[in-house]
Novice: 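So that we are looking at the same thing, I have put the structure below in structure tokens.
Since the structure is predicted, the reported quantities are computational estimates derived from the model, not experimental observations. Reckoned from all heavy atoms, side chains included, excluding hydrogens, waters and symmetry mates.
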Amino acid sequence: MEIDLSPQLAKKVYESNGGSYHAWSPSELPMLPEGNIGAAKLALQKNGFALPCYSDSSKVAYVLQGSGVAGIVLPESEEKVVAIKKGDALALPFGVITWWYNKEDTELVVLFLGDTSKAHKTGEFTDFYLTGSNGIFTGFSTEFVGRAWDLEEKDVKTLVGKQSGKVIVKLEGNINLPEPKEEHRKGMALNCEEAPLDVDIKNGGRVVVLNTKNLPLVGEVGLGADLVRLDGNAMCSPGFSCDSAFQVTYIVRGSGRAQVVGADGCRVLETTVKAGNLFIVPRFFVVSKIADSDGLEWFSIITTPNPVFTHLAGSIGAWKALSPTVLQASFNVDAGLEQLFRSKRNADAIFFPPPN
């Protein structure tokens, strides 16, 4: 497989006094179109308001920084107004209309990772804005809009043309957006930093997995996700997705080293990763990471809602399931070395603390 797997940073696509929008380019990260994956980030300054829009792709949103409010309208449903903060994950199926607002001093940053298999452009999100200078109703004649909305021409021109900004605007004056409701949050968002841990290894790492059990909407999105926090100098076991899924990884914090190995034992990636990097592991390729001294944290989506992984180290690794004589024959070693190999990494772990 001759394709560049190198981690990449997002590039700024749009900026206004309310905030900015960044995206990863398929030309710089060719695994995006290869895996039918899109990736972008929204950054809102104080009073920044991302105008209502819908997308041609289903997504998982993850709040990287700050706090704010998200408005979500599922098809044929009432608006949900959800308070969001760092660590929150939201599943956004096809057809959902969203808006985002930050009223705090700290910048609100939201990561979007999603499936572009049905998108207009493979490897990219295309958003359709309801208002603003690039809103969809700027393309209709006043006659069509007037008949659709049952309004006179002058009112149509005001509604369609008054908002001169696009994508992101800064709200001024006394506009009070809806307050979030606690009951709206149920089933819409899960905080990965506060949720029960699926894996917790002392001096190793911790994992929270998003799936159809704790966030049912991921089933509609068709994606699974997880937040992994690796302690300083700890290692994440070599492993692969055994259900033909791509792993899309965004480095949230810290730094470390990553290796990816493909067919014929070919190491296709050996790199240093740092905060802001995005990289994608192809189907069935084996990946492993080792954190630097400051630790390593990443948020990943997997292109299936309930992912299954096979690990190649530790007591839950596939090696331990194979018969001793099968290992002897496979490695071409004697029983003593096979027993030594089997005796190591007996802990039920996928994370390994640093050597003493």
Side-chain angles (χ1 to χ4, degrees), residues 23 32-33 35-42 50 52-64 68-85 87-100 110-130 136 180-192 194-196 198 207-227 241-250 280 283 299-309:
L32 289 173
N36 286 315
I37 296 156
K41 285 195 294 187
L42 173 70
C53 73
Y54 62 92
S55 176
D56 64 355
S57 305
S58 57
K59 307 173 185 174
V60 172
Y62 182 71
V63 182
L64 296 168
V69 180
I72 302 170
V73 181
L74 295 168
E76 301 182 353
S77 300
E78 294 184 353
E79 179 184 57
K80 304 279 190 181
V81 182
V82 181
I84 57 173
K85 64 179 182 179
D88 276 348
L90 302 89
L92 306 174
F94 283 113
V96 66
I97 294 172
T98 61
W99 55 263
W100 309 80
V110 183
L111 172 72
F112 299 97
L113 301 174
D115 173 18
T116 66
S117 60
K118 299 180 181 178
H120 287 271
K121 300 176 182 178
T122 303
E124 296 182 51
F125 301 137
T126 299
D127 295 324
F128 296 81
Y129 288 87
L130 303 189
I136 57 176
K181 297 181 179 180
E182 184 61 33
E183 62 267 26
H184 285 181
R185 184 177 170 85
K186 185 177 181 180
M188 298 300 300
L190 177 75
N191 191 277
C192 297
E194 299 173 355
D198 293 280
V207 182
V208 170
V209 178
L210 273 70
N211 52 38
T212 54
K213 294 181 180 179
N214 54 20
L215 194 60
L217 275 177
V218 300
E220 294 186 37
V221 172
L223 302 168
D226 58 27
L227 177 68
S241 170
C242 55
D243 46 11
S244 188
F246 290 89
Q247 299 176 59
V248 187
T249 298
Y250 176 85
I280 301 169
R283 292 185 178 102
F299 182 80
S300 294
I301 65 164
I302 303 93
T303 56
T304 180
N306 293 295
V308 179
F309 288 93

Novice: Would you call Leu210 and Leu227 a side-chain contact if the rule is heavy atoms closer than 4.5 Å?
Specialist: no
Novice: Would you indicate whether the side-chain heavy atoms of Tyr62 and Cys192 approach each other to under 4.5 Å?
Specialist: yes
Novice: Can you check whether Val69 reaches Val82 side chain to side chain, under 4.5 Å on heavy atoms?
Specialist: no
Novice: Can you name the nearest heavy-atom pair linking Cys53 to Tyr129, along with the distance?
Specialist: CB-CD2, 3.5 Å
Novice: Taking C-beta and beyond as the side chain, do Val81 and Lys181 meet within less than 4.5 Å on heavy atoms?
Specialist: no
Novice: Testing the basics here: between Ile302 and Ala245, what is the closest heavy-atom pair and its distance to 0.1 Å?
Specialist: CG2-CB, 3.4 Å
Novice: About how many Å separate CG of Leu32 and CD1 of Ile37, when rounded to the nearest 0.5 Å?
Specialist: 6.5 Å
Novice: Picking from Phe125, Trp100, Tyr250, Phe299, what satisfies ring pair (Phe, Tyr, Trp, His ring centres under 6.0 Å) with Phe112?
Specialist: Trp100
Novice: Within the distance-only criterion (no hydrogens, no angle test), does the side chain of Ser300 pair as donor or acceptor with the backbone N or O of Asp226 below 3.5 angstrom?
Specialist: no
Novice: With respect to His184, which candidate in Glu79, Lys80, Glu78 satisfies the side-chain contact (heavy atoms from CB on, under 4.5 Å) definition?
Specialist: Lys80
Novice: Where is the tightest heavy-atom contact between Thr116 and Glu124, given as atom of each residue plus distance?
Specialist: CG2-O, 3.6 Å
Novice: So, Lys59 and Asp115, do they make that salt bridge, N to O below 4.0 Å?
Specialist: no
Novice: Specify the closest pair of heavy atoms between Val208 and Pro196, including all atoms of both residues, with the distance to one decimal.
Specialist: CG2-O, 3.8 Å
Novice: With no hydrogens and no angle check, is any side-chain donor or acceptor of Ser57 less than 3.5 Å from a backbone partner on Ser55?
Specialist: no
Novice: Check residues 211-222 and write down every donor-acceptor pair under 3.5 Å in which the side-chain atom is one partner and the other belongs to a residue at least two apart or another chain.
Specialist:
from: Asn211; atom 1: OD1; to: Lys213; atom 2: N; distance (Å): 3.0
from: Asn211; atom 1: OD1; to: Asn214; atom 2: N; distance (Å): 3.4
from: Thr212; atom 1: OG1; to: Asn306; atom 2: OD1; distance (Å): 3.2
from: Thr212; atom 1: OG1; to: Asn306; atom 2: ND2; distance (Å): 3.4
from: Asn214; atom 1: OD1; to: Asn211; atom 2: N; distance (Å): 3.0
from: Asn214; atom 1: ND2; to: Val209; atom 2: O; distance (Å): 2.7

Novice: Going from OH on Tyr54 to OG1 on Thr98, what distance comes out if it is rounded to the nearest 0.5 angstrom?
Specialist: 12.0 Å
Novice: How long is the gap from CG on Leu42 to CG on Asp127, to the nearest 0.5 Å?
Specialist: 9.5 Å
Novice: Let me see the working for Thr303 and Leu223 under side-chain contact (heavy atoms from CB on, under 4.5 Å), right down to the final yes or no.
Specialist: CA-CA 5 Å; Thr303 56; Leu223 302 168; 4.2 Å; yes
Novice: Heavy-atom distance under 4.5 Å between the side chains of Lys85 and Glu194, does that happen here?
Specialist: yes
Novice: Do Leu90 and Ile84 have side-chain heavy atoms sitting under 4.5 Å apart?
Specialist: yes
Novice: With a 4.5 Å heavy-atom cut-off, do Phe128 and Asp56 have their side chains touching?
Specialist: yes
Novice: Check the pair Arg185, Asp88 against salt bridge (charged side-chain N to carboxylate O under 4.0 Å, His left out), reporting the backbone distance first and the verdict last.
Specialist: CA-CA 11 Å; Arg185 184 177 170 85; Asp88 276 348; 2.6 Å; yes
Novice: Does the side chain of Thr249 reach to within under 4.5 Å of the side chain of Ile280, using non-hydrogen atoms?
Specialist: no
Novice: For the side chain of Ser241 and the backbone of Phe246, is there at least one donor-acceptor N/O pair under 3.5 Å apart?
Specialist: no
